[in-house]
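Structure record follows, encoded as structure tokens.
Note that the numbering runs from 1 along the sequence shown for the chain. The analysis underlying the following values was restricted to heavy atoms, covering all of them including side chains, and did not include hydrogens, waters or symmetry mates. Counting starts at 1 for both ligands and their atoms, following the listed order.
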Amino acid sequence: MISLSQVSKRYPGGLEALKDITFTIETGEMAFVTGHSGAGKSTLLNLIAAIEAPSSGTIVINGQNLGQLRPAAIPFLRRNFGLIFQDHKLLYDRSVFDNVMLPLEITGFDQGEAAKRTRAALDKVGLLGREKTMPIALSGGEQQRLCIARAIVHRPAILLADEPTGNLDSNYASEILEMFKSFNQVGVTVLIATHDEHLIERYSARTLHLQHGELLA
Ligand code: ADP
Ligand code: ADP
């Protein structure tokens, strides 16, 4: 469960990127956040992932009030999330396999278990068989699928994706959205930020519309 109550975010310099945002996303729900560039979509995801703190208001993730978390608890909170963010770059000097396995090793999985989960994650995004390939040799759509494999390999309860179809043509974009839908169908809570309203028209998921930092009814 993701719950925001009267959340505002003012950046240094005075710009209010989010104003009095209140909503709840239930466990197992899939929802979209839409709005033009600058509407506050990325800011919203960054607050939910505790990458940024709100200026005011309350954010509760799986029963944990983020404002009451000790800094030491934040890495544990983050394990609830799979993040597919535009600035989360792939490691271009590592293979497809290593890109997915490294985050698991860093959090202390043993090699055998990490390798097993890595193959399972690559299988889910259709990249099994490309393990030894370097990311640069993948198409744009495949690179995005690799990012998704890396985000789901630790089996997070919540997937947060910021413009996951940003640079892809519409066939690839639908493919990526279908993938999110299939994760949602096995119980993962999914929140996707996109400016592309056409793309999401076909999905019955709830849509939160942001306009200049405000949530439209
Ligand atoms: P979107 O993802 O919908 O394009 P953002 O959340 O990135 O919107 O941005 C919302 C507003 O906040 C924009 O006006 C943007 O310029 C501003 N903004 C975003 N990040 C920062 C930052 N780190 N410092 C100052 N202003 C920011
Ligand atoms: P820094 O920006 O210095 O790395 P953090 O982002 O780790 O700091 O958070 C600094 C403090 O803000 C922490 O005590 C944390 O509990 C709080 N904090 C971080 N994210 C949120 C959030 N989304 N909501 C409320 N408090 C938060």
Quiz item: Looking only at N/O atoms, are Ala39 and ligand 1 under 3.5 Å apart anywhere?
Solution: yes
Quiz item: For His36, does the NE2 atom sit with more than 12 other heavy atoms under 6.0 Å from it, leaving out its own atoms?
Solution: no
Self-check item: CD/Glu113: more than 12 non-hydrogen atoms of other groups inside 6.0 Å
Solution: yes
Practice problem: Look only at interatomic distance and state if Glu52 has a nitrogen or oxygen under 3.5 Å from any nitrogen or oxygen of ligand 1. | Solution: no
Quiz item: Going by atom types alone, do Tyr203 and Glu178 pair a side-chain donor with an acceptor below 3.5 Å?
Solution: yes
Quiz item: What is the closest protein heavy atom to atom 9 (O) of ligand 1, and at what distance does it sit?
Solution: Thr43 OG1, 3.9 Å
Quiz prompt | Met179-Val188 co-clustered via ILVMFWY side chain contacts under 4.5 Å | solution = yes
Practice problem: Could you check atom 8 (O) of ligand 1 against the protein and tell me its nearest heavy-atom contact, residue, atom and distance included? | Solution: Gly40 N, 3.1 Å
Quiz prompt | Basic-acidic side-chain contact under 4.0 Å: Arg145, Glu175 | solution = yes
Self-check item: Proximal ligand 1 atoms for Ser37, defined as those under 4.0 Å from one of its heavy atoms
Solution: 4 (O)
Practice problem: Number the atoms of ligand 1 from 1 as they appear, then name those within less than 4.0 Å of a heavy atom of Ser42, with their elements. | Solution: 1 (P), 2 (O), 6 (O), 7 (O)
Quiz item: More than 12 heavy atoms of other residues, nucleotides or ligands under 6.0 Å from OH of Tyr92: is that the case?
Solution: yes
Quiz prompt | Option passing side-chain contact (heavy atoms from CB on, under 4.5 Å) with Ile51 (candidates Asn46, Ile74, Leu45, Leu160) | solution = Asn46
Quiz item: What atoms of ligand 1 come within less than 4.0 Å of a heavy atom belonging to His36?
Solution: 3 (O)
Quiz item: Please state which protein non-hydrogen atom is closest to atom 12 (O) of ligand 1 and give its distance, to 0.1 Å?
Solution: Leu15 CD2, 3.2 Å
Quiz item: Heavy-atom distance from atom 16 (O) of ligand 1 to the protein below 4.0 Å?
Solution: no
Practice problem: Specify the protein heavy atom at minimum distance from atom 18 (N) of ligand 1: its residue, its atom name, and the distance to 0.1 Å. | Solution: Tyr11 CE1, 3.3 Å
Quiz prompt | For atom 4 (O) of ligand 1, the protein heavy atom that lies nearest, with its residue and separation | solution = Gly38 N, 2.7 Å
Quiz item: Does OH in Tyr172 sit with more than 12 non-hydrogen atoms of other residues, nucleotides or ligands closer than 6.0 Å?
Solution: no
